[in-house]
Number of protein chains: 2
Amino acid sequence: MTSAPGSPGDVLTLISAGFATTRSDLARLTGLARSTIAQRVDALIERGLVEETESGESTGGRPPRQLRLHTEQHAFAGVDLGATHCRITLMDMSGEVLASCEDQLLIGDGPETVLAHVDGRLDRLLTEAGRPRAALRAIGMGVPGPVEYATGRPNNPPIMPGWNDYPIPEYFDGAAVLVDNDVNVMALGEQRNAFADTHHLLFVKVGTGIGCGIVAEGRLHRGAQGSAGDIGHIRVNGHDDAGCRCGNSACLEAVAGGAAVARRLTELGIAAETGADVVALVQAGNTQALRLVREAGRLIGEVLASLVNFFNPEVIVIGGALSRVHEHLLAGIRETVYRRSLPLATHHLSIVPSRMGINAAALGAGMLAIEHYLSPENVNRIVNA
Amino acid sequence: MTSAPGSPGDVLTLISAGFATTRSDLARLTGLARSTIAQRVDALIERGLVEETESGESTGGRPPRQLRLHTEQHAFAGVDLGATHCRITLMDMSGEVLASCEDQLLIGDGPETVLAHVDGRLDRLLTEAGRPRAALRAIGMGVPGPVEYATGRPNNPPIMPGWNDYPIPEYFDGAAVLVDNDVNVMALGEQRNAFADTHHLLFVKVGTGIGCGIVAEGRLHRGAQGSAGDIGHIRVNGHDDAGCRCGNSACLEAVAGGAAVARRLTELGIAAETGADVVALVQAGNTQALRLVREAGRLIGEVLASLVNFFNPEVIVIGGALSRVHEHLLAGIRETVYRRSLPLATHHLSIVPSRMGINAAALGAGMLAIEHYLSPENVNRIVNA
DNA sequence: CGGGGTTTGTTCGATTATCGACAGAAGTCA
DNA sequence: TGACTTCTGTCGATAATCGAACAAACCCCG
């Protein structure tokens, strides 16, 4: 909205963001004449982007006709690809979930296999939601590795054999495809759905590894090479003996990731292999597991304390497999962050468990798709077409 | 430029950014008709924002008339307030320096005294540059403490007694006043003047304390409370004995700041009090001082290694008093960062000494002022007035 | 129940902004 | 020198926007 805050795209942005629900609102917010707004809205309605609902309540005069996104015609998909799973959520333009599915799927099977599976599931979900394939406008996708966002190509992903430089968007016809790192879309999912008026947010995923998605000024920060948020290999104090798969030692995820906690439990004679095992042990009341999770929280907290000073977020959301036992993890994190960060930065800082849970990634990927489609540039293109 | 990339403000942005130097360029870049562009340019010329210079070189036909910012009519000031100094640079609209000055001045004397000094110096510099006071459009100011940028009020600054919550902008009439933390304006000064096509940059100031300015997507990142970049109190490994003025121990600036290095030299029997003393010793070839500076670089490098993984910058600029002996400081920093950060993040990372040196802050503050004045919104306001 | 006041939606001529074609200006090139 | 190219300014045609006027829908109140 640099200069002419009244193009059809800007009008739609005001509606979709909830700033305006009536033509009067739009006229007031944009400064345009009512007649102009009416024409803009008509165009948006004609293109199937906006619909009128029943009249709103009067404020003393004729009640305004409410406007909102037309949610019947279009569909958007959020795809969450993990190492061993695939979750897809089909959404309407307002972000409401129409249908979703979840499958075990090995990302290591390679792009053709995995994307064929996704494509099939998309068809099934669309049928389930009663919308034709052509209604699918955009697909957002989170993948477990670094991605060059502009092109949608994975960038030397360590756990995605066969995917390096694979042009994912080209696999799908007729829909825009946005591909990003899974932690980024999780961050977006939390921010957009649960922390809408938080503009600076960190999402920390504690699973087998540890990663972080960064929302700055309401937008994802991807960094110069798209590798921002890779906090799993930040060094932590006094653990030089812990070797990491990256070749260094004392990496955060080598001492506080799910796999690392499991290994330590095993060393104590308690069988555990994965983060899920650790969660199960904690839930069963195993005190050693509980202690180690809390200790992992402290280590993560040390790193986060640095990042709080540096980045000054309002909210840190903790997600990932280990966050299922978040009371203990959070206790350790909070303890350290509030001790080690500066008061000015921590005064208004909340550290909270994930609210979207297992759905964060698919929802965030879907938001990526919807926001791409509803961007003023794209809307203007649609309206002028 | 969301929708109508052709308002006078957008046109001026294209000119000031150097993307367009002729009417033809503007027509091509904005997609507007040449006649429309001509009218826009006329308006900008009439308002004294743009001027025509001698014809450019022909590309086979009539040579285009070159356009550029009109630099005669306006003036902008960049003010760098430190604990014990005040530097002011008067600039024209293109960022060219018209005049500058430097004085010893104690920030602790309080806002009235200090700002009166600044005001007087502004008058003198304007006279020197041959411009009336009314030509001064905007003032950018960097101060040594946290600031609420939106209001220009210092926020509990530790070394600015009497300044807390003081409304600095209200002191100056007739000019917009933008106040920010000194490290932020230094970062901006480096990025705009020396690293124009670097969109993600960190500026690290190593002086008595240690701070960091963050440029993300070409804009300053200030964080939720405006305290982003406060890396001086990040904990470093194995120095729990080093107490910091903040109350914690093992803070980066308590072990690697100029004061800390000086103290260690004193402990070794070599008299040193400030960062300047350390610099002098290094320049005199004192090997202990040299060793300690390099060691300080390693400690700073440890922190920066984390931040590189997290933020993924393209360039890290090292400035501040200690950077005068930057060979040794940088050697330590580079050594650690390239060892501890991930290859994807370090592959295209440069760690370089400050290019703007002592002028970075005043220049950056001036850029803050100029960019505020040349923002599309403000230019449209001027043109439509 | 039926005016007066208020807010919203619609229509339509007036105004304004933008476009596109044209002509002139100022250079290059053969 | 004349053909060609590129840039600039002019001007009528076209399109977008505005604003006033009116109709519609609701509230309030007598």
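Convention: sequence-line order gives letters A, B, ...; per-chain numbering from 1.
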Would you say the side-chain atoms of A:Ser375 and A:Asn378 include a donor-acceptor pair closer than 3.5 Å?
no

Aromatic ring pairing A:His200/B:His221, orientation class (parallel under 30°, perpendicular over 60°, tilted between):
perpendicular

Quick check: on DNA chain C, is the nucleotide nearest A:Asp42 upstream (toward 5') of the one nearest A:Gly61, or the reverse? Name the residue that is more 5'.
A:Gly61

Consider only side-chain N and O atoms of B:Thr36 and B:Gln39, and report whether a donor and an acceptor are under 3.5 Å apart.
no

Looking only at side-chain atoms of A:Ser35, point me to the closest of D:dT10, D:dT17, C:dC12.
C:dC12

The nucleotide from D:dC18, C:dA26, C:dC19 with an atom nearest the side chain of A:Ala33 is D:dC18

Quickly work out the A:Leu26 CG to C:dG9 C1' distance and round it to whole Å.
13 Å

Rounded to the Å, how far apart are A:Arg40 CZ and C:dG9 P?
17 Å

Can you measure B:Gln66 atom CD to C:dG27 atom P for me and round it to whole angstrom units?
13 Å

Nearest-Å distance for atom pair CG/C1', residues A:Asp10 and D:dA16
16 Å

Against B:Leu26, only a single residue in B:Thr21, B:Val11, B:Leu32 fulfils side chain to side chain contact (heavy atoms under 4.5 Å, CB included); can you say which?
B:Val11

A:Glu148 bridged to A:Arg153 by N-O distance under 4.0 Å:
no

Nearest to the A:Ser24 side chain among C:dC19, C:dT8, D:dA16, which nucleotide is it?
C:dT8

Starting from the 5' end of DNA chain D, give me the residue, B:Ala38 or A:Ile37, whose nearest nucleotide shows up first.
B:Ala38

Go nucleotide by nucleotide along DNA chain C from the 5' end; which of A:Gly60 and A:Arg28 gets its closest nucleotide reached first?
A:Gly60

Rounding to a whole Å, what distance do you find between A:Ile45:CD1 and C:dT10:C1'?
13 Å

Whether A:Thr59 contacts C:dT7 is assessed here as follows: a side-chain N or O lying under 4.0 Å from the phosphate OP1 or OP2. Is that the case?
no

Using the 3.5 Å cut-off, write out each protein N or O paired with an N or O of nucleotides 22-25 of chain C and the distance between them.
residue, atom, partner, partner atom, Å
C:dG24, N2, B:Arg62, NH1, 2.9
C:dA25, N3, B:Arg62, NH1, 3.3

Please report, rounded to the nearest Å, how far the P atom of D:dC7 is from the CD atom of B:Gln39.
21 Å

Using atom CG of B:Leu32 as one end and atom P of D:dA16 as the other, report the distance to the nearest whole Å.
14 Å

Exactly one candidate in B:Leu67, B:Ile45, B:Thr71 meets side chain to side chain contact (heavy atoms under 4.5 Å, CB included) with B:Glu51; the answer is B:Thr71

Return no unless some side-chain N or O of B:Arg23 is found under 4.0 Å from OP1 or OP2 of D:dG9.
yes

Within the side chain of B:Asn380, is there an N or O that forms a donor-acceptor pair under 3.5 Å with the backbone of B:Gly9?
yes

Can you tell me how far P of D:dA15 sits from CG of A:Asn384, to the nearest Å?
14 Å

